[in-house]
Structure formats: C-alpha cells, structure tokens
Amino acid sequence: MNDAFVATRCQELEDKLRADALERKRKQRRRMERERAAKGEFSPDFLSVMRREKIYRRIRYEKALETGELPREFSHIPKGGERFDAEVWEVLQLQRFSSAKVTAYAVAKRMLEEGRIGHRDVNSARQRVGAAIKRSKKLERTRLDDGKPVFPTLSVGEVLESIQAASTYEF
C-alpha cells in the first residue's frame with residue numbers, strides 16, 4: 001500500500017515537473033519571438049500565423065463585398081482588389097511589429113522586395129498601396145452583421161498566442 005502511494009506521488013511530481021518545463025519553454029519561446037519580431041526577424045511559425053490572419057481577413061472582406069455590407073466607397077474595388085488589400089494589411093502589420101516605418105512608401109518598397117506586387121517602380125506602387133492602407137484602416141472600423149470589424153486589429157501578443165506551444169525537442 002505504501003509502495004502504490006509512493007509510486008503515484010512520484011508520477012504526480014514527474015508530471016508537474018514536465019508541465020513546468022513545458023511552460024518555461026513556452027514563455028522562453030514567446031519572449032524570443034517577441035524580441036525577434038521587434039528586430040524585424042520573423043520565424044516561420046510567426047509568418048505562418050500572419051498568413052492565416054491575412055486569409056481570414058481577405059475572406060471576411062470578400063464576404064462583405066458580396067453581401068453589400070460595406071460603405072458605398074468600396075463598390076469600385078476591382079476584382080482581386082481584396083487580395084491586394086489583404087497583402088498590404090499583412091505587410092503593414094509586419095512593419096508595425098518590427099517598429100519600422102509605416103508609410104505607403106515603406107510598405108510598397110517591402111512588397112516589391114518580397115515580390116508581393118507586380119509593379120517595378122516604388123513610386124507607382126506607393127500610390128496604390130497608400131489607397132489600400134486607407135481602405136484597411138476603414139475596414140478596421142467597419143463592422144459586419146456579426147458585430148466584428150472586417151479587419152480585426154491584431155497585436156504581437158495575439159500572434160504569439162496562436163503559435164503552437166514549443167515542443168521539448170526545440171532549441
């Protein structure tokens with residue numbers, strides 16, 4: 001009877017130590033991810049979450065365009081414009097998270113460097129990106145029937161929470 005109690009207690013302690021170690025790893029990874037993001041160095045996991053967030057917003061945007069829930073000024077958006085606006089939104093967020101300049105020129109330049117836009121000249125892309133930034137700001141304020149904005153705001157903390165917990169084999 002004592003042996004069973006001791007074995008159970010040892011197992012409980014081992015489980016607690018394992019859970020504590022995993023929690024320390026999660027906190028360490030979150031701290032490292034936050035530091036890397038502030039430097040503009042994003043991990044593949046971070047970028048994956050950002051892509052999912054971009055797709056989520058693009059789908060909400062497409063739905064709002066189809067159902068006519070957006071203000072009249074959005075009625076002139078050309079086919080595929082929601083994809084471009086979502087791309088601009090993603091790059092804009094990455095610029096904010098890395099504490100880089102958040103201007104139409106800086107966003108257009110980054111989009112050109114990453115091959116996200118079909119322009120060759122930064123100045124011509126800047127005008128289109130500037131208009132998309134204004135639309136994305138408007139979409140952050142425009143609410144759909146579900147009560148949520150078309151483009152909900154996103155923080156670094158929310159992205160880090162979305163990244164799956166680090167396994168014990170990482171680092």
Side-chain angles (χ1 to χ4, degrees), residues 11-65 69-70 80-118 125 128-130 132-171:
Q11 186 63 44
E12 289 172 359
L13 290 174
E14 286 176 4
D15 291 345
K16 183 175 180 349
L17 288 173
R18 190 174 296 113
D20 290 346
L22 286 173
E23 185 62 27
R24 274 194 311 278
K25 285 280 190 186
R26 278 189 213 104
K27 286 181 180 179
Q28 179 185 12
R29 183 172 184 195
R30 186 177 173 135
R31 185 174 55 252
M32 288 175 58
E33 287 283 348
R34 188 178 293 276
E35 290 169 1
R36 287 177 65 185
K39 295 177 192 173
E41 303 167 359
F42 301 104
S43 71
D45 291 338
F46 193 97
L47 294 174
S48 175
V49 170
M50 289 302 296
R51 275 190 295 278
R52 279 196 311 258
E53 291 291 335
K54 173 184 70 176
I55 291 167
Y56 169 73
R57 281 158 180 76
R58 189 180 81 217
I59 291 169
R60 287 182 62 80
Y61 193 6
E62 289 170 353
K63 178 186 171 230
L65 285 171
E69 295 182 56
L70 294 176
E82 64 279 356
R83 179 179 298 260
F84 180 78
D85 288 356
E87 285 287 338
V88 169
W89 174 86
E90 182 184 19
V91 173
L92 185 68
Q93 296 308 311
L94 292 174
Q95 290 287 99
R96 284 181 181 155
F97 295 161
S98 62
S99 301
K101 286 185 179 181
V102 183
T103 63
Y105 181 84
V107 172
K109 185 176 178 185
R110 183 173 184 156
M111 289 180 78
L112 282 169
E113 290 170 355
E114 295 177 359
R116 294 177 182 239
I117 192 170
R128 189 170 176 211
V129 167
I133 289 173
K134 288 178 185 174
R135 283 193 299 272
S136 70
K137 288 179 181 178
K138 182 103 175 161
L139 291 169
E140 288 176 352
R141 295 187 309 267
T142 304
R143 298 193 178 276
L144 296 179
D145 288 341
D146 62 4
K148 296 178 186 174
V150 179
F151 280 15
T153 57
L154 185 69
S155 68
V156 175
E158 291 170 324
V159 174
L160 295 177
E161 286 174 14
S162 296
I163 295 175
Q164 293 181 351
S167 74
T168 56
Y169 299 107
E170 290 188 41
F171 299 100

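In this chain, numbering begins with 1 at the start of the sequence shown. None of the values given here were measured: they were computed from a predicted structure.
Considering all non-hydrogen atoms of both residues, G40 and S98 come closest at CA-CB, 3.3 Å. Considering all non-hydrogen atoms of both residues, L47 and E90 come closest at O-OE2, 4.4 Å. Of all heavy-atom pairs between K54 and A86, the closest is CG-O, 3.5 Å. Of all heavy-atom pairs between L154 and Q93, the closest is O-OE1, 3.8 Å. For the residue pair F42 and L94, the shortest heavy atom distance occurs at CZ-O, 3.6 Å. Considering every non-hydrogen atom in both R60 and P149, the closest pair reads NH2-O, 3.0 Å.
Counting heavy atoms from C-beta outward, V88 and R135 have side chains that stay 4.5 Å or more apart. Within the 4.5 Å cutoff, the side chain of T142 has no heavy atoms near those of the F151 side chain.
Here the NZ atom belonging to K148 is positioned 10.0 Å from the CG atom belonging to L144, to the nearest 0.5 angstrom. Of the inter-residue distances, the one linking M50 atom CE with S162 atom OG reads 10.5 Å to the nearest 0.5 angstrom. How far CZ of R36 is from OG of S43: 5.5 Å, rounded to the nearest 0.5 Å. Interatomic distance, OH of Y61 versus CG of L139, reported as 5.0 Å (0.5 Å rounding). Taking CZ from R31 and NZ from K27, the interatomic distance works out to 9.5 Å, rounded to the nearest 0.5 Å. One distance of note links NZ of K109 with CE of M111; it measures 15.0 Å at 0.5 Å rounding.
Not a single side-chain hydrogen bond (donor to acceptor under 3.5 Å, both in side chains) links R128 to another residue, sequence neighbours left out. Remark: D145 engages no residue in a side-chain hydrogen bond (donor to acceptor under 3.5 Å, both in side chains) (not counting sequence neighbours).
Look at E23 and R26 and you find a salt bridge, because one of the NZ, NE, NH1 or NH2 atoms lies within 4.0 Å of a carboxylate O, short of that distance.
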>> Apply side-chain contact (heavy atoms from CB on, under 4.5 Å) to residues L160 and F46 and explain how you reach the verdict.
In response: CA-CA 7 Å; L160 295 177; F46 193 97; 4.1 Å; yes

> Given the rule in the salt bridge (Lys or Arg N to Asp or Glu O under 4.0 Å) test, do K39 and E41 qualify, once you have shown the distances and angles that lead to the verdict?
Replying inline: CA-CA 6 Å; K39 295 177 192 173; E41 303 167 359; 5.0 Å; no

>> The test is side-chain contact (heavy atoms from CB on, under 4.5 Å); show your working for K63 and E69 and say whether it passes.
In response: CA-CA 9 Å; K63 178 186 171 230; E69 295 182 56; 4.3 Å; yes

>> Pair R24, D20 - check salt bridge (Lys or Arg N to Asp or Glu O under 4.0 Å), show working.
In response: CA-CA 6 Å; R24 274 194 311 278; D20 290 346; 5.4 Å; no

>> Go through it in stages, so that I can follow the logic: the residues are V129 and I117, the test is side-chain contact (heavy atoms from CB on, under 4.5 Å), and I'd like the CA-CA distance, side-chain angles, deciding distance and then a yes or no.
In response: CA-CA 10 Å; V129 167; I117 192 170; 4.2 Å; yes

>> The test is salt bridge (Lys or Arg N to Asp or Glu O under 4.0 Å); show your working for R58 and E62 and say whether it passes.
In response: CA-CA 6 Å; R58 189 180 81 217; E62 289 170 353; 3.4 Å; yes

> Which is it for R141 and K137 under the side-chain contact (heavy atoms from CB on, under 4.5 Å) test, yes or no, and what are the steps along the way?
Replying inline: CA-CA 7 Å; R141 295 187 309 267; K137 288 179 181 178; 4.1 Å; yes

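A donor-acceptor pair under 3.5 Å links the side-chain atoms of Q95 to the main chain of K101, judged by distance alone. At least one donor-acceptor pair under 3.5 Å links the side chain of R57 to the backbone N or O of E53.
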